[in-house]
Amino acid sequence: MRLTGYFMPTLKETPSEAQIVSHRLMLRAGMIRQASAGIYSWLPLGVRVLKNIERIVREEQDLAGAQEVLMPTIQAADLWQKSGRYDAYGPEMLRITDRHGREMLYGPTNEELITDIFQHSVKSYRDVPKMLYHIQWKFRDEVRPRFGIMRGREFLMKDNYSFDLDFAGAKKSYNKMFVSYLRTFARLGLKAIPMAAESGPIGGDLSHEFIILADTGESAVYCHRDFIDFDVLGQTIDYDGDLEPIVNHWTKLYARTDDMHDPAAFDKQVPADKQISNRGIEVGHIFYFGTKYSEPLGAVVSSAEGQPVPVHMGSYGIGVSRLAGAIIEASHDENGIIWPESVAPFHVGLINLKASDAACAKVCDDLYGKLRAAGVEVLYDDRDERPGTKFASMDLIGLPWQLVVGPRGVDKGVVELKRRRSGEREEISADAAMARLTA
RNA sequence: CGGGGCGUAGCUCAGCCUGGUAGAGUGCCUGCUUUGGGAGCAGGAAGCCGGAGGUUCGAAUCCUCUCGCCCCGACCA
């Protein structure tokens, strides 16, 4: 993409409404634009990031055996009346009346709808287990939206719902999602730590929040330092096999959010030099809730003995749009965003330091063509701007690599390859740079 | 929902107290100079001063109402 033709309205100054770093940087980088309180439009650069996050989430859901569906944003109120949540949900739920006076709502979540879909078609124990997920916009009328995209009223979320015959089955589904989440966040370049969370009236330990550590996080979290070095991507996962050992490995050490924190247990279980107490951002939440919705909504299957049994369910959420902000919170410096490779809107930024110089332009155009031909996503700054402006905006938008071509280097037959994350630069030939970027 | 604050040019803000018909920086457009970390000079375009009432000869400025947005707290993916 040539920057001269790209819609990327960057800002030199920080808009006054933005307080936290991800919000400021997303606005400055031209990723989003506020439409109203807690509601945002996504501009081209932001959409590219969002799509990358979505892609990874989707791939990992599919890998774990879940199937994608797509449920509507607007739902009829009657299912919610059946589950009892229409009254329980309160003003956070945006209620709408259609032209016929029918009560509708903009979905804040989808348990009712998915359970209804399931119960219409599934009647036998032979048809479970099933895991169905979708990635859809949701709306929660937060009293006080804030932190930009991190806590908007409208947000993009992946939610998955599992259906099993009994608790043992549900636990297997839970484990699949647990491991799937570890992989998903790791691929997004994040250190996400599963922390014991409130599981509501069901009780037990089957609820985990996946938290990333960031100083600007919204809640206090406490955990063992060894989590930082845990790795999940180095092993092959067999989702049909026993996942319990992996789950155990990731849950045996102390990790709790503020509301579950027990200072005495923390001190007892974690040596002082291994204690981390920090702020954290919740990027995912998984829980088992048994028959809470299957009973009132009639999601019942026949057991092998011919007896009707309500299915055991779990639900598993990932805040897709929130992740865009969370990744920035976890990965930036004073100059701007530092995207992990997997979600970067482009792989490399090609900077022509002197657009008016024919030799420079020749080298750049050539590199641009070759990179594109090689399938490398490249943003080519071909603007007639000063070098400082170009460096600043490229650092701001945080592409993993910068390929800098200036008259000085072109004379010597070299270009400069800069790593955004470390700031390392090296002068190498254009061919060598190509080889590096296509490796 | 309790408490606080802010709406003036795309962005950051001054002007408001003490009423006299719109400002700066930056960004944008033109030209010249410049060219390795958000340049310099000159010229230019750009605002229903959030909206509605009111007071006044006259309102960005004073009064009332209203809408929007932000911050702290409680709450939340």
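Chain naming here is simple, since letters A, B, ... match the order of the sequence lines and numbering starts at 1 in each. We use all heavy atoms of the structure for the numbers below, so side chains are in, but hydrogens, waters and symmetry mates are not.
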Any idea which heavy atoms bring A:Met394 and A:Leu350 closest together, and the distance?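 Result for this residue pair: CE-N, 4.2 Å.
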
Quick one: closest heavy-atom pair of A:Val283 and A:Ala326, and the distance?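 Shortest heavy-atom separation between A:Val283 and A:Ala326 comes out as CG1-CB, 3.8 Å.
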
Please classify the nucleic acid contact of A:Thr109 as base, sugar-phosphate, or nothing, using heavy-atom distances under 4.0 Å.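 Touches nothing.
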
Rounding to an integer number of angstrom, what distance separates [N] and [M] when you compare their [atom1] atoms?
N	M	atom1	result
B:C70	B:U26	C1'	22 Å
B:U8	B:G47	P	15 Å
B:G5	B:U33	C1'	46 Å
B:U18	B:A77	P	50 Å
B:C72	B:G20	P	36 Å
B:G25	B:G43	P	12 Å
B:A9	B:A22	P	14 Å
B:G68	B:A24	C1'	26 Å

Does [N] have a Watson-Crick or wobble mate here (both distances under 3.5 Å), and if so which one?
N	answer
B:C1	B:G73
B:A45	none
B:G68	B:C6
B:A60	none
B:A39	B:U33

So if I define the base as every atom that isn't primed, P, OP1 or OP2, how would nucleotides 36-42 of chain B read as a B/S/- string at a heavy-atom cutoff under 4.0 Å? BBBB---

Going 5' to 3' along nucleotides 72-77 of chain B, which nucleotides have protein heavy atoms under 4.0 Å from the base (write B), which only from the sugar-phosphate (write S), and which from neither (write -)? BBBBBB

Donor + acceptor pair across side chains of [X], [Y] (<3.5 Å):
X	Y	answer
A:Ser162	A:Tyr316	yes
A:Lys390	A:Asn352	no
A:Ser83	A:Glu112	yes

Geometric cation-pi criterion A:Arg322 and A:Phe155, 6.0 Å radius, 45° cone: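 Because its charged atom misses either the 6.0 Å distance or the 45° angle limit, A:Arg322 does not stack over A:Phe155.
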
Run the side-chain donor-acceptor check on residues 398-411 of chain A: report pairs under 3.5 Å with partners two or more places apart or on a different chain.
unit_1   : atom_1 : unit_2   : atom_2 : d
A:Gln402 : NE2    : A:Asp395 : OD1    : 2.7

With no angle test and no hydrogens, is the base of B:G25 tied to the side chain of A:Glu13 by a donor-acceptor pair under 3.5 Å?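 Present.
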
Using only side-chain N and O atoms of A:Ser16, determine if any of them is under 4.0 Å from OP1 or OP2 of B:C13.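 Yes.
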
With a 4.0 Å cut-off, would you call A:Glu426 and A:Arg419 a salt bridge?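 Here A:Glu426 does not pair with A:Arg419 in a salt bridge, since their nearest N and O are not under 4.0 Å apart.
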
Could you state the [atom1]-[atom2] distance from [X] to [N], rounded to the nearest angstrom?
X	N	atom1	atom2	result
A:Arg24	B:U12	CZ	P	13 Å
A:Asp384	B:U34	CG	P	14 Å
A:Leu27	B:C70	CG	P	11 Å
A:Met8	B:G10	CE	C1'	16 Å

Using the ring centroid of each side chain, check whether A:Phe210 and A:Phe185 are separated by less than 6.0 Å.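 They qualify: ring centres under 6.0 Å apart.
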
Kindly assign one of parallel, tilted or perpendicular to the pair A:Tyr106 and A:Phe139, based on the angle between their ring planes and the thresholds 30° and 60°.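 Tilted: the ring planes of A:Tyr106 and A:Phe139 meet at 30° to 60°.
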
